[in-house]
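So the structure is just underneath, and the comments pick up after that.
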Number of protein chains: 2
Amino acid sequence: MTESEFLAGYDPAAYERPALAVDLVLLGIRAGRLAALLLRRSRQPQAGLWALPGGFVGIAETLDAAAERVLREKAGIGRARLEQLYTFGAVDRDPRMRIVSVAYLGLLPEAAFAEALAGGAGLAAATLVVPWAGEAGGPVSAGTEDGAPLPLAFDHADILALAVKRLRGKLDYTDVGFALLPEHFTLRQLQDVHAAIRGAPLNKSAFRRRMRDRGWIAPTGAREAGTAFRPAELFRFDRSGQF
Amino acid sequence: MTESEFLAGYDPAAYERPALAVDLVLLGIRAGRLAALLLRRSRQPQAGLWALPGGFVGIAETLDAAAERVLREKAGIGRARLEQLYTFGAVDRDPRMRIVSVAYLGLLPEAAFAEALAGGAGLAAATLVVPWAGEAGGPVSAGTEDGAPLPLAFDHADILALAVKRLRGKLDYTDVGFALLPEHFTLRQLQDVHAAIRGAPLNKSAFRRRMRDRGWIAPTGAREAGTAFRPAELFRFDRSGQF
DNA sequence: CTTAGTTATACTCAATGTGAGTAGAAATCG
DNA sequence: CGATTTCTACTCACATTGAGTATAACTAAG
């Protein structure tokens, strides 16, 4: 039997299958803190709770393509740096039916984050407080800017916590820090982003030295404008630096 | 409408769904090199090629549970340290139908690896040569111990490459190195394992110093037996050391 | 019993990276 | 012009690492 003969007689039916979805953790910096974009659920189940933008994976659609589609359709964002995070498969994570969800992490520069919020897609920004919750990524507390807690739907608190954990882990040896900044930025802004992701302050001179030595940043020659005091030099991300 | 009323009327049918599977990358050390357990495909499609042990996810089965079941049923291994790796969702990755596969990484101590090989489940050991293939985890070349290449089925070369990449990334700050060793081991053995995973040699004194300073290892008081020369001290993994 | 051979273990030393602090430069505002 | 505030460039101590050397411990050969 050749391979094509075999395929002709193959029956793809068989067993009951879990539904497959993608959920997007879209992170940005808001008022100096790490924040995520959430949608308020208007329908049952768990109406009124806050959820990650998500959607089902089409039968002829790549996981990455599904994530990009959800980014456009549910979050109203044209483009973002998306990266697969983890796949959540608890049996009872959704009360409707068995849904396995592939979580994606997306990073938005501050401007894109604000634009998405204003875009009318019903998105809200949740400020994240993520204590260092150990290996598995413990639950996260999400809240509005003034501290009111936002209750999260399904297992989305776990997903958010894991996203922050992943981000923290990649901070030191990849360019994730730059993905949250505009094209031109000051060293102070870069440090603030790193501090927001880590949830802990950094040594200033060591940070500047490290960033410059690694060759990740290139001076633009321009300087910050509109500051009350000495304006800082503007840099841009230099992709030619090694990773 | 309450949540339970809503659920009663919910129709879980709807769209055609991808099939969901798990595939296991079971790694161990063999003759000082990193090796994976593979199964030779006896049936179409891709009969004769070598594949990772895998299976479909049951409708009421967790992803982790499916991985453990495959470990038992397909690889004949009772227990191993399993960890989710990545989910592969290319549309044409399996010619039979759309199959999305959640890959798991499993680490076996040298003895358990050899036992699995002898277990009669039809497993073979593939020595892995994984050049540092960049971010996405390029293809890997798998071969027998004497160098003959083993052609891999589906996208399993990508999965293997990503597994090795993940292992390398976690080597410095987690206990993965110990998962490939017996309970008692010498510093030399530990260094060899690290070298095999990295695919590059290590500085001997710096390595010893680092391992001892981190408090990951505790002396057992015993010494190696049966060596031709000075026997090395035996250590064990000390879980109380911080991570 | 002695000695050569081989590996384990413990040192030293230089180079590099980091935490912390100080001093001068550059801008705005009163 | 001077006060104020931040940016930027220094220095210094300390920890970590790469590299090399010396000594200890054991077996096997003579």
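Small disclaimer: the values here were computed from a predicted structure and weren't measured. Residue numbering restarts at 1 for every chain, and letters A, B, ... go by the order of the sequence lines.
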Query raised in the report: What residues, two or more places apart in sequence or in another chain, satisfy ring pair (Phe, Tyr, Trp, His ring centres under 6.0 Å) together with A:Phe154?
Result: A:His156

side-chain contact (heavy atoms from CB on, under 4.5 Å) partners of [X], counting only residues at least two apart:
X        : value
B:Pro151 : B:Leu49, B:Trp50
B:Thr220 : B:His184, B:Ala222, B:Leu234, B:Arg236
B:Arg72  : B:Glu68, B:Arg69
B:Ala116 : B:Leu37, B:Ile77, B:Leu123

Expected rows: protein N/O vs nucleotides 1-3 of chain D N/O, under 3.5 Å:
none

**Report entry** Pair listing, salt bridge (Lys or Arg N to Asp or Glu O under 4.0 Å) test, anchored in residues 23-32 of chain B, at least two apart
**Finding:** B:Asp23-B:Arg93, B:Arg30-B:Glu145

Nucleotide [N], atom [atom2] - distance to [atom1] of [X] in whole Å:
X        : N      : atom1 : atom2 : result
A:Gln189 : D:dT6  : CD    : P     : 15 Å
B:Asp213 : D:dT16 : CG    : C1'   : 9 Å
A:Glu233 : C:dA25 : CD    : P     : 17 Å
B:Leu187 : C:dA10 : CG    : C1'   : 13 Å
A:Leu190 : D:dT8  : CG    : C1'   : 16 Å
A:Arg208 : C:dA20 : CZ    : P     : 17 Å
B:Met211 : D:dT16 : CE    : C1'   : 14 Å
A:Gln191 : D:dC7  : CD    : P     : 9 Å

Report task. Check whether any side-chain N or O of B:Arg188 sits under 4.0 Å from OP1 or OP2 of C:dT7, and answer yes or no. Result -> no

Query raised in the report: Within less than 4.0 Å of OP1 or OP2 of C:dT7, is there a side-chain N or O belonging to B:Lys204?
Result: no

Show the distances under 3.5 angstrom between N or O atoms of the protein and N or O atoms of nucleotides 14-16 of chain C.
none

Query raised in the report: Are B:Asp172 and B:Arg214 ion-paired here, with the side-chain N under 4.0 Å from a carboxylate O?
Result: no

Enumerate, atom names and distances included, each donor-acceptor pair closer than 3.5 Å involving a side-chain atom of residues 102-114 of chain A, sequence neighbours excluded.
{"unit_1": "A:Tyr104", "atom_1": "OH", "unit_2": "A:Asp64", "atom_2": "N", "d": "3.3"}
{"unit_1": "A:Tyr104", "atom_1": "OH", "unit_2": "A:Asp64", "atom_2": "OD1", "d": "2.4"}

Query raised in the report: Which residues satisfy the salt bridge (charged side-chain N to carboxylate O under 4.0 Å, His left out) test with A:Glu83, sequence neighbours excluded?
Result: A:Arg166, A:Lys170

Report, one line per pair, each donor and acceptor closer than 3.5 Å where one atom sits in a side chain of residues 188-197 of chain A; sequence neighbours left out.
{"unit_1": "A:Gln189", "atom_1": "OE1", "unit_2": "A:Thr186", "atom_2": "N", "d": "2.9"}
{"unit_1": "A:Gln191", "atom_1": "NE2", "unit_2": "A:Leu202", "atom_2": "O", "d": "3.3"}

Query raised in the report: Which parts of nucleotides 17-25 of chain D does protein reach within less than 4.0 Å, heavy atoms only, written one letter per nucleotide 5' to 3' as B for base, S for sugar-phosphate only and - for none?
Result: BBBB---BB

Query - Neighbour count above 12 (heavy atom, 6.0 Å) for A:Arg210 CZ - result: yes

